[in-house]
Amino acid sequence: MYELKIRDAVAEVTGLDDVKIGFPPPSMRGDLSTNAAMVSSTDPGRLCAALEKLEEVESAETAGPGFVNITLSPGAYAEELKLIAADPGKYGAGDRRGSILVEMVSSNPTGPLHIGHGRGGAIGDSLARMCAKLGYRVLREYYVNDTGRQMNLLGESIRCALEGRTPPADGYRGEYIKSVADELRGSSVDSGYSSRAGELILGWHLDVLKSFRITYDSVFRESRLAEEALVKKTVESLRAGNLTYEKEGALWFRSSRFGDTQDRVLRKSSGDLTYFASDCAYHLDKSRRAERFINVWGADHHGYTPRIKAFWEASGLGEKELDILLYQLVDLKREGEKVSMSTRQGEFVTLQEVLDEVGADAARFFMLMRSSDAPLEFDLELARRQNSSNPVYYVQYSHARICSVFAKASRSPGELDLKECDPGPEEYPLIKALGHFPYLLEKCVDLKAPHFMTEYLRDVATAFHKYYDTVRVIGSGSRQETRLLLLSGVKGVISSGLELLGVSAPERM
RNA sequence: ACCCUCGUAGCUCAAUGGAUAGAGCAACGGCCUUCUAAGCCGUAGGUUGGGCGUUCGAAUCGCCCCGAGGGUGCCA
């Protein structure tokens with residue numbers, strides 16, 4: 001954890017609270033670099049002197065326009081490797097406190113999940129895994145809109161399918177409607193088919209997500225809000241707080257006072273409460289279940305975020321962090337051709353179909369390779385290809401190669417002798433790659449950007465493959481134990497990293 | 001019309017205001033008698049859409065223009 005230690009030392013000297021540690025360009029001397037002296041107008045010489053007091057630092061020098069470049073001591077490498085090899089699964093784990101609730105996917109149960117839902121799930125779940133690794137208590141929640149117009153339409157569409165009639169013009173069609181209808185044939189229809197159908201489809205969703213390695217701690221149904229009169233209560237409390245007004249027969253929330261572009265209707269002139277009112281009630285209820293919140297939403301909802309944030313502020317919840325993480329939609333391609341994604345016609349490619357075709361490993365890795373801000377091009381052919389053009393195999397292959405070395409050496413990572421740990425310059429670059437893991441993990445969580453992990457794992461895999469190519473492990477005499485320890489460390493970081501992405505680390509390929 | 005996101009190598013994309021803008025794929029040329037060649041090494045590829053500004057320093061921040069996608073309901 002030398003990177004974190006050095007970062008904290010730099011923070012102390014410069015007084016900055018967001019110190020960035022980077023790597024100097026390859027042509028320059030030094031293993032780590034910081035611009036903190038420039039940014040904080042600290043005398044770089046003073047920073048160098050302070051850093052050189054650390055046992056992890058061999059030397060520190062000023063370079064360029066005021067960067068401080070740090071050269072690590074041999075002891076830093078040895079200690080880091082011992083730390084990793086002693087308990088690879090625990091390396092990078094943090095002791096952060098508090099609870100985080102991650103809401104993700106939350107699809108209406110009116111049709112199958114598609115690839116876009118998968119992206120939201122992959123981002124949310126991986127972020128949740130990373131938060132948990134840093135020590136937070138994490139809750140994954142699924143919010144289900146199981147009431148309202150769309151659900152009524154679903155019920156109506158099922159009824160039509162059962163009675164052999166054509167569905168309403170704006171109703172749902174497609175093979176899955178027939179499947180649902182078949183399941184419900186002959187069951188009681190006292191309250192229509194919508195609620196039974198919704199539960200059935202919700203079950204499918206949770207099953208697909210499970211095979212996508214996403215499981216939930218809670219499923220919150222919108223219908224519960226009505227049952228417990230929570231929407232009414234929420235609206236009443238806004239009204240009592242003088243945050244609403246009546247206009248043209250409707251009740252409006254003064255969201256524009258809290259940063260929204262306009263006020264929003266809570267109760268229509270028809271007397272019905274809006275979907276927004278339900279969502280407020282849901283967020284109010286949810287706010288009691290954790291200290292911090294992350295909503296993972298498709299970018300098509302971005303216009304909706306100011307009003308929810310406005311409600312959050314208006315309800316006095318501003319001290320609890322609510323992050324709405326938006327992700328751009330997915331362009332599905334097959335051999336370079338865009339795959340049609342029309343929704344109501346039932347022609348879209350479902351998440352299940354993608355999983356059947358490329359497997360959960362490739363699907364998760366691909367969806368996490370890009371920044372959430374960028375649209376994702378998902379090429380089914382590439383994801384399915386079992387060769388070097390597929391990046392997920394590159395990372396997994398490094399893990400399999402290591403397992404193979406241990407098998408060949410008839411040793412196992414758990415039985416190595418830490419006292420034999422004595423890395424030299426050949427090992428340094430690879431240890432340095434491993435040593436970046438704790439810092440990178442914090443970066444992923446703090447920037448809510450799990451895609452950094454995919455890039456990092458490719459870097460580690462590259463460092464490993466280079467090492468493997470030039471350094472012989474088995475039969476290297478007195479060096480062998482150190483090298484096995486290093487491989488054990490690489491194996492640990494790769495499998496931890498893949499685990500955080502929800503991707504398997506195969507022992508053989 | 002307004003708002004949001006994006007525009008970086010032939011393609012897909014990285015880069016939390018830093019140093020000579022980096023990877024992968026595709027192309028070309030090398031490396032298996034040795035722990036998995038799903039690997040490694042090398043070559044080539046750029047006016048970061050265009051312009052003006054802010055500053056020690058801009059792909060990143062501001063303004064204008066061009067282009068792509070999304071959003072703007074008393075729908076859910």
**OP:** Please list, chain by chain and in numerical order, all residues satisfying salt bridge (charged side-chain N to carboxylate O under 4.0 Å, His left out) with A/Glu442, sequence neighbours excluded.
**Re:**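 With sequence neighbours excluded, A/Glu442 shows a salt bridge (charged side-chain N to carboxylate O under 4.0 Å, His left out) to A/Arg7, A/Arg96, given in chain and number order.
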**OP:** Hey, could you give me the CG/CZ distance between A/Leu154 and A/Arg149, rounded to the nearest 0.5 Å?
**Re:**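 So the CG of A/Leu154 and the CZ of A/Arg149 are separated by 12.5 Å.
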I need the [atom1]-[atom2] distance between [X] and [N], as an integer number of Å.
X	N	atom1	atom2	value
A/Met369	B/G22	CE	P	21 Å
A/Arg370	B/C13	CZ	P	6 Å
A/Trp297	B/U5	CH2	C1'	16 Å
A/Leu484	B/C35	CG	P	15 Å
A/Leu376	B/G69	CG	P	17 Å

Original post:
Parallel, tilted or perpendicular: which fits the ring planes of A/Tyr176 and A/Trp204, with parallel below 30° and perpendicular above 60°?
Top reply: perpendicular
Original post:
Parallel, tilted or perpendicular: which describes the rings of A/His283 and A/Trp297, with under 30° parallel and over 60° perpendicular?
Top reply: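 Plane angle over 60°, so perpendicular.
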Determine the Euclidean distance between corresponding [atom1] atoms of [M] and [N]; express it in Å to zero decimal places.
N	M	atom1	result
B/C65	B/G57	P	27 Å
B/A9	B/U48	C1'	10 Å
B/C63	B/C25	C1'	38 Å
B/A14	B/C56	C1'	27 Å
B/A21	B/G7	C1'	16 Å
B/C66	B/G51	P	15 Å
B/G17	B/U54	C1'	12 Å
B/U72	B/A76	P	13 Å

Taking atom types as they are modelled, would you say the side chain of [X] forms a donor-acceptor pair with the base of [N] within the 3.5 Å cutoff?
X	N	value
A/Ser33	B/A19	yes
A/His302	B/G71	no
A/Glu248	B/C74	yes
A/Tyr439	B/U16	yes
A/Asn152	B/A76	no

Subject >> 5' priority, RNA chain B, between A/Val68 and A/Ser404 [closest heavy atom] >> reply: A/Val68
**OP:** Between A/Leu326 and A/Leu329, just flag the one whose closest nucleotide in RNA chain B comes earlier from the 5' side.
**Re:**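 Nearest-nucleotide comparison on RNA chain B picks A/Leu326.
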**OP:** Could you verify whether a donor N or O on one side chain and an acceptor N or O on the other, from A/Tyr143 and A/Asn295, lie under 3.5 Å apart?
**Re:** no
Original post:
Distance only, no hydrogens: is a donor on one side chain within 3.5 Å (strictly under) of an acceptor on the other, for A/Asp31 and A/Thr71?
Top reply: no
Of the candidate nucleotides [options], which contains the atom at the shortest distance from the side chain of [X]?
X	options	result
A/Tyr394	B/A19, B/C40, B/C13	B/C40
A/Leu447	B/U16, B/C13, B/U36	B/U16
A/Lys466	B/C41, B/G70, B/C13	B/C41
A/Asp300	B/C35, B/G71, B/G17	B/G71

Counting any heavy atom closer than 4.0 Å, what does [X] reach on the DNA or RNA strands: base, sugar-phosphate only, or nothing?
X	answer
A/Asn108	sugar-phosphate
A/Asp331	nothing
A/Phe452	sugar-phosphate
A/Ala374	sugar-phosphate
A/His451	sugar-phosphate
A/Val19	nothing

Subject >> Passing candidate, side chain to side chain donor-acceptor pair (under 3.5 Å) with A/Ser223, options A/Asp146, A/Thr147, A/Asn145 >> reply: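 Among the candidates, only A/Asp146 passes.
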**OP:** Only stems of 3 or more consecutive Watson-Crick or G-U pairs count here, both distances under 3.5 Å; name the ones for RNA chain B, or none.
**Re:**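 The stems that RNA chain B takes part in, listed by first number, are B:1-7 with B:66-72, B:10-13 with B:22-25, B:27-31 with B:39-43, B:49-53 with B:61-65.
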Original post:
With a distance cut-off below 6.0 Å to the six-membered ring centre and an angular limit of 45° from the axis, does A/Arg254 pair with A/Tyr245 as a cation-pi contact?
Top reply: no
**OP:** Determine: side-chain N/O of A/Tyr304 to OP1/OP2 of B/C3, distance under 4.0 Å, yes or no.
**Re:**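 Looking at the OP1 and OP2 atoms of B/C3, neither is under 4.0 Å from any side-chain N or O of A/Tyr304.
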Subject >> Sub-4.0 Å heavy-atom contacts from residues 250-270 of chain A onto RNA chain B, ordered by number >> reply: A/Ala250, A/Trp252, A/Val265, A/Lys268, A/Ser269
